[in-house]
There are 2 protein chains.
Amino acid sequence: MRAGLTTNTVVQAAAAIADRDGLGGVTMSSLAAALGVKPPSLYAHVGGAGDLRARLASLAEAELAEALAPAVAGRAGGEALRAAARVYRSWALTHPGRNAALQLVPTADEPSSARVTELLLAVMRGYALPDSEAIHAARAFRAAIYGFVLLEAGGGFRLPQRAEDSYERLLDLLDRGLHHHPQAQPQKLISSRATATGSS
Amino acid sequence: MRAGLTTNTVVQAAAAIADRDGLGGVTMSSLAAALGVKPPSLYAHVGGAGDLRARLASLAEAELAEALAPAVAGRAGGEALRAAARVYRSWALTHPGRNAALQLVPTADEPSSARVTELLLAVMRGYALPDSEAIHAARAFRAAIYGFVLLEAGGGFRLPQRAEDSYERLLDLLDRGLHHHPQAQPQKLISSRATATGSS
DNA sequence: CCCCGGCAACTAAGATGATTAGGCTAATAC
DNA sequence: GTATTAGCCTAATCATCTTAGTTGCCGGGG
């Protein structure tokens, strides 16, 4: 009985399990069962459990980039920052397993990772910072929304305040802080392209 | 041969392994070996692998609170914020396994978790925000430094810029954003005590 | 001083997961 | 139609977690 699997099919199925049962629920056994196949058959498509996790990380990063791109396109400054941040949170909460997979180390130099970095730098361009400061700012932005979503998804917020409200305050805070950056340049409309080739 | 183990000994040993080999390196086997004991003996002290991880999470949260308290004491505003943030990053980078364990769900209502929340709220007190805003701000602060350290420890920063510099910019950014908060009250020196009883 | 109860550690054994080796057969190439 | 590839299988090995039942050290009461 040919099940017609491919590497992509397998990794997609793993992502679905991760979103449903958590990253820990992804085992070669559970994955094989979900695909109607015995565990050893998976080794024809992925290198093993470790390779599977690395591919899951790559898939997650790629899907995140896909989700972020349209949010950033055509927006600038605080509008771009808020749109990107909201899209990220929404994606992460609807795909908790994929979001958790972002913490895994992808196999090699990940092109999607560079893409995400470029998108975040594009957001920072709206704040007219020097290039070097933009990189620090992009890291800060990524860290803040990443940490927030991890805490929220992990049940770290136990006071009654709604996480959604806190998130909007966080975005306001970041926006204010970036606007008041001491090195903000009044006009930098046509900034040179960022030369990022990896994660920020 | 009595090895003289206690629950604390066992969890401490697990934390040491986590810091050295990563959270994944903590298994009942490796832990037993490190303690000079056979795996089944551990069940006299911890309930099993799951219980061990929960206790590891509690230990990490408690040690984090221990580390933060002196940094916050006697400081206010940006000084308190920077001191707390630097202590956290330093602790996390020297104890990567314990830091990773913060993501695990502790057994029950964790008193240390409330303690950390209180310390973060104490930092926010220096910015003279209304109580409700202080909670949002504390969440933002925690999320930002937590996310940053996770990204840094996970190798998420691949551009040549030094992570340490980025961290200082993040702290500047947060400090500026909090100072310019629209609801900042000019004087609120003796604010009522926060009533947090759980994580922020 | 000696006995004894409890507890800490053991051995033995079963379950689940990862992985390798080797065989069988369905799809494809010519 | 045959040969070849490749997808899937069974069988078997190893590591880990866990439970059950056993042994023996250690401290307190006689």
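Within every chain, numbering begins at 1; the chains are lettered A, B, ... in the order of the sequence lines, protein sequences first and strands thereafter.
Taking atom OH on Tyr43(B) and atom P on dT18(D), their separation rounds to 4 Å, with Å as the unit. dA6(D) atom P lies 18 Å from atom CG of Leu42(A), rounded to whole Å. Separating the CE atom of Met28(B) from the C1' atom of dG17(C) is a distance of 17 Å, rounded to the nearest angstrom.
Taking the ring axis of Phe148(B) as reference, the NZ or CZ atom of Arg139(A) does not stay both within 45° of it and closer than 6.0 Å to the ring centre. Cation-pi geometry between Arg89(B) and Tyr167(B) is met: the NZ or CZ atom falls under 6.0 Å from the ring centre, inside 45° of the normal.
Each of Gly48(B) and Ala44(A) has a nearest nucleotide on DNA chain D; the 5'-most of these lies closest to Ala44(A).
Taking the six-membered ring for Trp and the full ring otherwise, His181(A) and Tyr127(A) have centroids separated by 6.0 Å or more.
The side chain of Pro40(B) sits closest to dA20(D) out of dC8(D), dT19(C), dA20(D). Closest to the side chain of Pro39(B), out of dC17(D), dT19(C), dT18(D), is dT18(D). Comparing dC17(D), dA21(C), dC10(C) by their closest approach to the side chain of Thr27(B) singles out dC17(D). Here the nucleotide nearest the side chain of Ser41(B), chosen from dT10(D), dA9(C), dT18(D), is dA9(C). Distance from the side chain of Ala49(A) is smallest for dT19(C) among the nucleotides dA9(C), dT19(C), dT16(D). If you check dC10(C), dT10(D), dA9(C) against the side chain of Lys38(A), the one that comes closest is dT10(D).
Taking 4.0 angstrom as the limit, Ser30(A) places none of its side-chain polar atoms (N or O) nearer than this to OP1 or OP2 of dG17(C). Considering only side-chain N and O atoms, His45(A) lies under 4.0 angstrom from the phosphate OP1 or OP2 of dC8(D).
In terms of heavy-atom proximity, Ala144(B) sits nearest to Leu170(B) at O-CD2, 3.9 Å.
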